[in-house]
Amino acid sequence: MNVDSIRDGIVIDHIAAGCGMKLYRLLGLENLNVPVAMITNVASARRGRKDIIKIDADIPVSFDVIGYVDPAATVNIIRGGTLIEKKQIDMPEMLSNVIRCKNPRCITSTEQELDNIFRLTDRAKKEYRCIYCDTKAASL
Amino acid sequence: MRSVIDVPDLSLEELDQLMDTAEDIISHPDSYQDACRRKKLATLFFEPSTRTRLSFEAAMYELGGNVLSVTGANTSSAAKGESVADTAKTVSCYADIIAMRHPKEGAALVAANNATVPVINAGDGGHCHPTQTLADLLTIRREKGHFSGLTVGLCGDLKFGRTVHSLIHALCRYDNMHFVLISPEELKVPSYVKNDALKNKGIPYEQTTSLEEAIGSLDILYMTRVQRERFFNEEDYLRLRDSYILTPEKLRLARPDLCVMHPLPRVNEISVAVDKDPRACYFKQVLNGKYMRMALILMLLREAGTL
Ligand SMILES: [Zn+2]
């Protein structure tokens with residue numbers, strides 16, 4: 001894989017420096033058998049330092065997960081070697097089965113098959129709470 | 001299907017309607033004696049809470065309905081590992097409405113998401129207990145006649161007491177409320193509750209450690225239990241416990257129209273001698289709880305089209 005040129009895939013750019021690996025894990029990229037380049041701590045005019053993830057495969061990625069980790073990230077869709085779409089990312093109102101509730105008294109701790117759902121409760125603070133027990137999601 | 005998991009599930013108009021219905025039941029109990037005839041309430045109590053269960057069951061009986069009762073986690077399907085979702089689906093086949101108590105936070109929401117009949121949260125761990133707050137609201141309305149411009153003192157364990165947090169949130173929806181938060185340093189209202197309910201809405205409040213100093217300014221005094229297990233050491237507990245016990249001596253400093261409330265059960269935080277004082281409203285509060293549960297059962301069964 002040539003890190004600079006992707007034919008068909010996705011480039012997640014302008015990720016806050018240090019968040020790239022978290023995003024990599026939450027997107028489940030470590031479990032996919034596709035070429036992925038993780039570039040960390042690159043100089044960025046916009047953000048000072050940034051991380052970049054390049055996925056050289058036409059696979060679906062969850063924009064909710066990207067928006068949860070860093071809503072300031074940008075997503076570039078590449079087809080046939082050219083950029084066909086730049087997606088603006090936003091914090092999702094709901095986050096389903098991305099993170100787990102850490103509250104041991106929460107019903108999700110004993111009923112493993114329940115969906116772990118978090119609701120955005122404070123956009124300015126990037127605060128998500130479990131819909132079952134209202135516990136705040138641990139910060140990333 | 002409409003369920004009630006927490007107080008904010010009800011609009012202010014609906015709260016008013018519930019209180020109106022409850023007052024009408026109090027005035028004309030006979031006209032409600034067959035309101036739920038041939039309807040069944042299932043009380044699913046996965047942890048013991050005799051008083052709450054009895055209140056729900058008495059409420060349904062007074063509406064002329066019947067009760068199916070499941071108590072204790074060991075005898076129920078939970079012991080066999082059945083999920084809350086499956087239990088809710090199954091019980092929906094037998095009952096017209098469910099009141100559920102469960103030790104896990106969020107269990108009532110899971111039940112509501114899966115039941116095909118309305119679910120009332122009768123307490124999910126330390127999370128919500130909306131019908132307690134409904135009882136508190138009706139008591140305040142009956143004693144004071146209104147919710148405007150009241151000075152409400154909350155005393156005791158304000159850190160862990162979910163009934164206190166729920167009541168603060170509910171009362172903040174009314175105009176010109178003023179709160180006096182009376183507790184030891186160790187048991188102050190958590191800052192997230194203060195920020196969400198009071199500071200961000202500009203609602204005035206004071207914090208104090210002295211019940212004696214605060215009591216004279218109050219319209220309502222809501223007492224709660226100060227539990228031994230909340231303290232690191234025995235000396236702190238014993239030292240502080242007595243400061244937050246309401247006695248006839250402290251009550252002498254209060255207004256003649258003070259309304260003293262307590263979610264019960266009490267241990268020793270209100271001395272028994274206070275019971276004779278006309279300002280003691282905590283047993284009326286128990287009765288009001290039953291009337292609000294009747295009103296809530298009626299509202300939800302009507303909305304479900306069952307009545
Ligand atoms: Zn939870």
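Fair warning: this is a prediction, and the values are worked out from it, not measured in the lab. Protein chains get the first letters and strands the later ones, always in sequence-line order, with residue 1 at the start of each.
Here side chain to side chain donor-acceptor pair (under 3.5 Å) pairs that include residues 70-80 of chain A, with residues two or more places apart or in two chains, are A:His14-A:Thr74, A:Arg47-A:Asp70, A:Asp58-A:Arg79, A:Asn76-A:Lys86.
When the heavy atoms of residues 107-138 of chain A are compared with those of chain B, the residues falling under 4.5 Å are A:Ile107, A:Ser109, A:Thr110, A:Glu111, A:Leu114, A:Ile131, A:Tyr132, A:Cys133, A:Asp134, listed by number.
Looking at B:Ala108, neither its backbone nor its side chain comes within 4.5 Å of chain A, counting heavy atoms on both sides.
Enclosure of atom CZ in A:Arg49 by more than 12 non-hydrogen atoms of other residues, nucleotides or ligands within 6.0 angstrom is indicated. Annotation: A:Glu85, atom CD; neighbour count of heavy atoms from other residues, nucleotides and ligands within 6.0 Å is above 12. Atom NZ of A:Lys102 has 12 or fewer neighbouring heavy atoms from other residues, nucleotides or ligands inside a 6.0 Å radius.
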